[in-house]
Amino acid sequence: MPTHTAAHVNSPWTLAIRAAADHGHPRRAIALYLSSLAAHRPCPFALAAVLKSVSRLPAHIAATAAASLHAHLLRLGLLMHPYPHAALAHLYSRDPVAARSLLDETPPTGAQAPHSLLVSRNSLIASLLRSGDLPAARALFDHMPVRDVVSWNSMVAGLAKAGRLDSAIQLFQQMPERNAASWNAVLCGLIAHGHLARAREMFEQMPVRSNVSWITMISGYAKAGDVHAAAALFERMENKNDLYAWNAMISCYAQNGCAREAIQVFNRMLKPHVCVLPNEKTFSSVISACSQLGDLRFGLWVQTFMGSVGIELDDHLRTALLDLYTKTGRIDSAFDLFRGLRTRDVVSYSAMIVGCGMNGKLNEAISLFKEMSNANIRPNAVTFVGLLSAYKHAGLMEEAHACFASMSSKYKIRPSMEHYTIMVDLLGRSGKLDEAFQLIMQMPMQPHASVWGALLLACELHNNAELGEVVASKCFELAPGDSGYYILLGNIYAQANKWDKVKRLRKTMTERGLSLAASSGLSEGLEGVFQRSRLGSGGSVQKASANKNQSATGAGTRLKCPSFGWISSWNASTSLAPHGGRASLAIWHMCAGIVLERFNVAGTSWRSSIPGNLADLGEHPDDEVVHVVL
DNA sequence: TTAGGGTTAG
């Protein structure tokens, strides 16, 4: 039975809710909050924690959850309470219009109000900066009666990220107080705009460094491809009990082609003295590493391991797995994963097209490309790697040429080394050695040894020793330590019976130290409008359904509830007695998939599941209409 | 007790 005592700041319930919120379990936080209502009145501090955790949900869920919790606060009379107010302002911070109207129309009240306003304004600054409205953010910042270190940090970070490094540094120098985040804001801006050396200089001089500083530097080196610098910093980090740090390092290796090292770091992370559990981001990188190694067995073990840790497959993980499956020849399993994606984007389409290209599925690759074009998803360089390799596998010269040409003319994508390599390979294999050679000479970038290598292979295939010699010399120049190119040239000489040249080549190899070993029930036709006053007779209900239960969800459809206001996320269900008796309607006010409150129609009044004096919402006039789509 | 900074897939 509810005791109706108000939970205070540090009541066990509030602590439990906050713990769930802080550990990234928003749904658990909401569920705990609802459980707390059985014993306590709604607690503003607990609600603040719930609001905070909801901001970690995906944007589309967070938006409806914010509206639901807003309605909830409004009805509880807790909207003006400074804590939930600031938390709601934060939650709305993805949407500057909503945040501003909350601040202007329902400002917080009470002794804590000035502080709460400061926090809410900080959220609004962050929101404006995120939406790219630098002038509005700056105006708000300049007119704030009180500023704290967070206000300054947000502004400095916003300027730095927008590339206005001079202004950012100028503001940074004016700061009355700095903390690690202030330094990190500038550090992050320097790195984002390619000033890695300057960032490092600053990093070494920083008076305070947080883990964020280290991780920012490590990921900066990772993106620049400097694996050694990143690893050296990671080893220097004293406090390695930080998931972000491990993820940054594993991803650094995985993204720079050091798959073995990525898995080694992952293994280190699992050691008992490291008190960090891998999350989906960790596994995305680990699966990517497995895929690079073509190690399906380890990949499958990782998948099982993920299940045992309780990690569900999100789209990122599915895409990583899909890639692993295509690279290990399980194209059908890959298609299953692809079809199961919540949303398909350029990354998942490209992964699938590359997979089809590799597995000789030209028609599938082309139809995927059409499908993504129809969905208005713009292809990128990787998409064309997939398409071109599909044409290459099918030996379709003309089509490949047209596709290659369309990259720059139609899609404004500059072909990379990889695209050129595929074209050279295709031309070479079909015997057009001179054309392939010309294409390499026309490349806008310095050709890598592998491009020449593709042509060298074609020279072997078509017994062209003369060109082979020229091409091989390019390979030796660009990759002096790679014995493979010597062996290829040796084969070319042998085919042409040039045994003295073979002998000389072997001698050169020895001299150079190279070895030979080298549900919802929503459906059309079931739409109906439930008029509350007619519910008793069940007229509309019968129209909507014959004799079975129906349910509907209302994400995006706003539902007007009597004595309540608008709810933007709800579930409704009707049940009819099989013999056509009484009909009843219940509406669940949903928040992130969890029932926040339930309303039942009982006679002519709506009852809410919220305990205490808020339970009975009273009668409502007959002209109230609840629109429910079933 | 609210706010800011870092990590994922082709």
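Values below: every heavy atom of this structure, side chains too, minus hydrogens, waters and symmetry copies. Reminder, nothing fancy here: chain letters follow the sequence lines and each chain counts from 1.
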For this session: Would you classify A:His85 as touching base, sugar-phosphate or nothing, given that sugar-phosphate means primed atoms plus P, OP1 and OP2, and contacts are heavy atoms under 4.0 Å?
Result: nothing
Exercise. Between B:dG10, B:dG6, B:dT2, which one does the side chain of A:His115 approach most closely?
Worked result: B:dT2
Exercise. According to a strict under-4.0 Å criterion, is A:Gln255 in side-chain N/O contact with OP1 or OP2 of B:dT8?
Worked result: no
For this session: Describe the nucleic acid contact of A:Asn380 in one word from base, sugar-phosphate, nothing, applying a heavy-atom distance below 4.0 Å.
Result: base
For this session: Check whether any side-chain nitrogen or oxygen of A:Ser288 sits under 4.0 Å from OP1 or OP2 of B:dG10, and answer yes or no.
Result: yes
Problem set entry | Under 4.0 angstrom between A:Lys161 side-chain N/O and B:dG6 OP1 or OP2 | yes
Problem set entry | Phosphate contact (B:dG4 OP1 or OP2) by A:His90 side-chain N/O below 4.0 Å | yes
Exercise. Hey, are A:Ser291 and A:Asp323 close enough side-chain-wise for a donor-acceptor pair under 3.5 Å?
Worked result: yes
For this session: For the residue pair A:Phe305 and A:Trp301, categorise the inter-ring angle as parallel (less than 30°), tilted (30 to 60°) or perpendicular (more than 60°).
Result: parallel
For this session: Considering just the side-chain nitrogens and oxygens of A:Lys281, establish if one lies under 4.0 Å of OP1 or OP2 belonging to B:dA9.
Result: no
Exercise. Taking the side chain of A:Ala351 as its heavy atoms from C-beta onward, which of B:dG5, B:dA3, B:dG10 lies nearest to it?
Worked result: B:dG10
Exercise. Which listed nucleotide (B:dT2, B:dG4, B:dG6) is nearest to the side chain of A:Tyr244?
Worked result: B:dG6
Problem set entry | Residue pairs fulfilling salt bridge (Lys or Arg N to Asp or Glu O under 4.0 Å) with at least one residue in residues 119-144 of chain A, sequence neighbours excluded | A:Arg138-A:Asp142
Exercise. Using a cut-off of 4.0 Å on non-hydrogen atoms, how would the nucleic acid contact of A:Ser348 be classed: base, sugar-phosphate, or nothing?
Worked result: nothing
Exercise. Is any side-chain nitrogen or oxygen of A:Ser251 closer than 4.0 Å to OP1 or OP2 of B:dT8?
Worked result: yes
For this session: Consider the side chain of A:Asn122, meaning its heavy atoms from C-beta on, and name the nucleotide among B:dT8, B:dA3, B:dG4 that approaches it most closely.
Result: B:dA3
For this session: Measure from the side chain of A:Ser123, starting at C-beta and using heavy atoms only, and say which of B:dG4, B:dT2, B:dA3 lies closest.
Result: B:dA3
For this session: May I ask you to verify if any side-chain N or O of A:Lys240 is less than 4.0 angstrom from the OP1 or OP2 atom of B:dT7?
Result: no
Exercise. Do A:Asn279 and A:Thr282 have side-chain N/O donor and acceptor atoms under 3.5 Å apart?
Worked result: yes
